[in-house]
Each structure stands twice: as C-alpha cells, then as structure tokens.
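Heavy-atom basis, side chains included; hydrogens, waters and symmetry copies ignored. So you know, we letter chains A, B, ... as the sequences are listed, proteins then strands, and number each from 1.
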Protein chains: 2
Amino acid sequence: MVPPELDEGLPLERIKDFSLEELLGMAIKAEIGARQFYESLAERVEIGELKEKVSWLAGEEKKHEELLRKIYADFFPGKEMVFPKEHIGPELQPVARKLDKVEDVIDLIRWAMKAEEIAAKFYAELENMVEDERKKRLMRYLSDMEWGHYYNLKAEYELLLDWAMYDQMMHVGP
Amino acid sequence: MVPPELDEGLPLERIKDFSLEELLGMAIKAEIGARQFYESLAERVEIGELKEKVSWLAGEEKKHEELLRKIYADFFPGKEMVFPKEHIGPELQPVARKLDKVEDVIDLIRWAMKAEEIAAKFYAELENMVEDERKKRLMRYLSDMEWGHYYNLKAEYELLLDWAMYDQMMHVGP
C-alpha cells in the first residue's frame with residue numbers, strides 16, 4: 001500500500017525527457033522533500049535509535065541540497081531555478097499522522113529505502129549526462145551517499161521486522 | 001603501499017577454518033580496531049566535514065561492538081570470550097603519525113573502505129553459518145550497516161581525489 005506521504009513519481013527511464021536544468025531542480029526538490037520527511041519522522045517515532053538515525057539522515061539531505069544549489073549556480077549562473085512539477089521516483093512528503101504501530105514505521109522505512117535507491121540511480125544517470133570531470137565526480141559523490149543511506153535504512157528495516165528482537169538488542173550500552 | 005595502520009589479514013575464504021566462537025571474537029576485535037582507527041583519524045584530520053564523518057563512524061562501530069557482545073553472550077552464556085590472534089581482512093589500527101598531505105588521508109580512507117567491504121562480506125558469511133532466524137537477521141543488519149559505511153567512505157574518497165574541488169564544494173552552508 002502506498003502511504004499518504006508518498007507519490008510514486010515517474011520511472012527512472014523518463015530522465016531522458018528532461019533537461020539537465022530541470023533534473024537539477026528535481027533533485028533539489030527531492031532533497032528538500034526527503035529532509036522534511038526524515039525530520040517529521042524523527043518527531044513522530046519513539047524508537048530512540050531510529051529517531052537518531054532519521055535525524056542524521058535529515059541533516060545529510062540538507063547538506064546535499066546546499067551542494068546541489070552550488071552546482072546549479074555553477075552550471076547556470078544568475079539563472080532562476082526551475083522546479084518541474086514532475087519528479088522521478090518516489091517523492092517523500094512530511095509525515096503528518098500519528099504512527100500507532102511499528103508496522104506503520106516499517107512501511108515508511110521501506111518507501112524511504114525505495115526513494116534512496118532511485119535517488120542513487122538518478123545521480124548515476126546524471127553522472128553520464130554531464131561532461132565535465134568535476135561534475136561527474138560530484139554526481140558520483142551524491143550517488144554513493146544515497147547508496148550509503150539505502151543500506152543504513154535497509155539494516156534498520158531488517159531488524160524492525162522482528163520488533164521484539166529490535167527492542168531487546170538495540171538497547172545497547174548502559 | 002600498505003600504511004602502518006594496517007595489517008592485511010587473511011582472505012575471506014579462510015573463514016571456514018574458524019569456529020563461530022572464534023569468528024565472533026574476531027568480529028568484536030575488528031569493531032574495536034575500527035573504532036580506534038576512526039577516533040584517531042578524527043583527531044588527526046583537519047578537514048571539518050571528514051572529521052565529523054569519521055567521528056560518526058567511530059560511534060557506529062562502538063554500537064556494533066556492544067551488539068556483538070550481546071550476541072556472543074546469547075550464543076555462549078557464561079563463557080569467557082576468545083579473541084583469536086588471526087583476523088580476516090584488513091585490521092585497522094590507531095593512526096599514530098601526523099598526516100601531512102591530503103594523499104595520506106586518501107590512502108587511509110581507501111584502506112578503511114577495504115576493511116568495511118570485507119566486514120560486510122564477513123557478516124554475510126556469518127549469516128549463512130548461523131541457523132537461528134534471529135541471529136541471521138542480526139548478521140544481515142551488521143552486513144548492511146558496513147555496506148552503508150563503505151558507500152559513505154567511497155563518496156568522500158571520490159571527492160578527496162580532487163582536493164581543490166572538495167575544498168570548494170564541501171564548505172557548504174554559511
């Protein structure tokens with residue numbers, strides 16, 4: 001089931017229908033959406049370890065947004081940013097409801113994983129689209145970071161599926 | 001060149017020569033080594049963004065060590081831990097020298113990536129060795145987390161290779 005925080009978006013193949021300018025705008029919009037999603041999730045989740053992790057992810061997405069704005073300004077100096085209404089892959093929205101059961105959280109983490117996976121592939125595609133070696137490097141950086149997020153979320157997801165164990169094992173330390 | 005902080009260790013295939021008890025001991029030792037490596041690297045590195053990242057990694061490895069100690073206690077209750085002197089894959093040691101050039105840092109990050117990659121594969125092998133579904137899940141968790149670290153380091157590594165750009169782009173924010 002697709003939760004209300006999520007719009008599935010266009011498939012990755014549609015990337016070729018947009019200009020680099022539009023794709024950078026999309027990427028910035030997606031980073032903002034992801035940050036707001038993680039921030040709101042951190043507020044609503046009561047599992048300490050997970051709260052900490054999603055707060056960390058929110059901070060990471062904020063840094064990516066700033067980096068992408070620099071890249072945009074470098075590509076299109078002085079130009080006002082274009083934010084297409086379409087987006088490639090799931091676009092995360094703030095969580096505005098109460099999360100009653102661990103299953104609600106599991107559902108959202110699964111969609112966040114999907115969004116991170118598409119983001120990683122999206123940046124890898126942008127790497128092919130840009131010609132300058134430095135810009136390629138920056139797209140590789142962003143793609144690798146999103147893979148990092150994907151695996152980090154996947155780890156939590158696996159453990160959340162066995163809630164009793166998560167509860168027992170993740171209260172590590174004193 | 002292999003830096004002094006690193007002992008290349010045994011290849012992953014040698015995993016079959018050890019008991020589960022020994023392998024868990026090895027894993028705990030490796031997590032401790034990795035934490036000390038990241039802590040010492042954080043002290044010696046002057047690149048703000050990277051300092052923050054390796055400090056974060058140090059904290060993560062600390063949590064893994066605690067989790068593995070719980071798993072060990074659960075597998076072998078009341079038994080004193082065995083720490084084999086051998087280890088699978090690169091064993092990271094504290095950085096005790098001054099890091100003069102960015103190349104020194106790049107070298108260490110590359111080895112840390114290698115260590116994280118082997119650790120991810122090591123835990124995936126342990127997942128096959130344990131029978132209990134919960135223990136498999138925990139090994140999968142650890143393996144995914146290490147992949148997360150691997151990609152996070154890979155992202156930094158890629159950008160560090162072009163130091164001038166790293167310096168320019170990573171001073172994001174005000």
Side-chain angles (χ1 to χ4, degrees), chain A residues 31 48-49 52-53 56-57 59-71 73-74 113 116-117 120 123 127 132-166 168-174, chain B residues 31 48-49 52-53 56-57 59-71 73-74 113 116-117 120 123 127 132-166 168-174:
Chain A
E31 296 288 357
E49 173 71 20
E52 205 182 286
K53 182 151 291 176
W56 171 75
L57 286 168
E60 294 288 297
E61 307 299 22
K62 178 71 192 155
K63 285 189 241 170
H64 293 180
E65 180 201 337
E66 287 166 1
L67 182 59
L68 282 162
R69 285 185 186 275
K70 278 197 178 188
I71 296 171
D74 198 46
M113 278 164 62
E116 295 287 359
E117 185 187 348
Y123 289 123
E127 185 190 337
D132 176 80
E133 186 45 49
R134 292 195 147 175
K135 302 233 165 60
K136 280 185 183 294
R137 208 179 273 285
L138 286 164
M139 293 305 146
R140 210 144 60 219
Y141 170 84
L142 287 165
S143 178
D144 285 335
M145 286 296 286
E146 306 298 15
W147 279 125
H149 295 177
Y150 169 80
Y151 281 105
N152 222 299
L153 288 170
K154 184 168 176 288
E156 295 301 318
Y157 174 77
E158 279 289 348
L159 230 48
L160 281 169
L161 290 177
D162 185 341
W163 171 247
M165 184 174 66
Y166 189 100
Q168 181 200 334
M169 297 307 272
M170 297 309 283
H171 289 124
V172 291
Chain B
E31 296 288 356
E49 173 72 18
E52 206 183 286
K53 183 152 291 176
W56 171 74
L57 286 168
E60 294 288 297
E61 308 299 21
K62 178 72 193 155
K63 285 189 240 169
H64 293 181
E65 181 201 335
E66 288 165 2
L67 182 60
L68 282 162
R69 285 185 187 274
K70 278 197 179 189
I71 296 170
D74 199 45
M113 279 166 62
E116 295 287 359
E117 186 187 348
Y123 289 123
E127 184 190 338
D132 176 80
E133 185 46 48
R134 291 193 149 176
K135 301 231 165 63
K136 279 185 184 295
R137 208 178 274 285
L138 286 165
M139 293 305 145
R140 209 142 63 219
Y141 170 84
L142 287 165
S143 178
D144 285 336
M145 286 296 286
E146 306 298 14
W147 279 124
H149 296 176
Y150 169 81
Y151 280 106
N152 222 298
L153 287 170
K154 183 168 178 290
E156 295 302 316
Y157 174 77
E158 279 290 348
L159 231 49
L160 281 168
L161 290 177
D162 185 341
W163 171 246
M165 184 175 64
Y166 189 100
Q168 182 200 333
M169 298 308 270
M170 298 310 283
H171 288 124
V172 291

- Query: Going through the distances and angles, do B/Asp162 and B/Tyr166 end up as a side-chain contact (heavy atoms from CB on, under 4.5 Å)?
  - Reply: CA-CA 6 Å; B/Asp162 185 341; B/Tyr166 189 100; over 6 Å; no

- Query: Between B/Arg69 and B/Glu65, does a side-chain contact (heavy atoms from CB on, under 4.5 Å) hold up when you go through it step by step?
  - Reply: CA-CA 6 Å; B/Arg69 285 185 187 274; B/Glu65 181 201 335; 3.0 Å; yes

- Query: Between B/Leu138, B/Asp74, B/Asp144, which shows the greatest number of heavy-atom pairs under 4.5 Å with chain A?
  - Reply: B/Asp144

- Note on the structure: Looking only at B/Leu159, B/Asn152, B/Leu142, the option with the highest number of non-hydrogen pairs under 4.5 Å against chain A is B/Leu159

Checking heavy atoms, do the side chain of [X], its backbone, both or neither come under 4.5 Å from chain B?
X        : result
A/Lys53  : side chain
A/Glu156 : both
A/Glu52  : side chain
A/Leu153 : neither

- Between B/Met113 and B/Tyr150, the two heavy atoms sitting closest are O-CD1, 3.4 Å

- Task: Identify which of A/Lys62, A/Glu146, A/Arg134, A/Lys154 forms the greatest number of heavy-atom pairs closer than 4.5 Å to chain B.
- Result: A/Arg134

- Would you give the length of the straight line joining atom CD of A/Glu61 to atom NE2 of A/His149, rounded to the nearest 0.5 angstrom? 5.0 Å

- Sorted by chain and residue number, the salt bridge (Lys or Arg N to Asp or Glu O under 4.0 Å) partners of B/Arg140 (sequence neighbours excluded) come out as A/Glu158, B/Glu127, B/Glu133

- Item | Test side chain to side chain donor-acceptor pair (under 3.5 Å) applied to B/Tyr123 - qualifying residues, sequence neighbours left out | B/Glu31

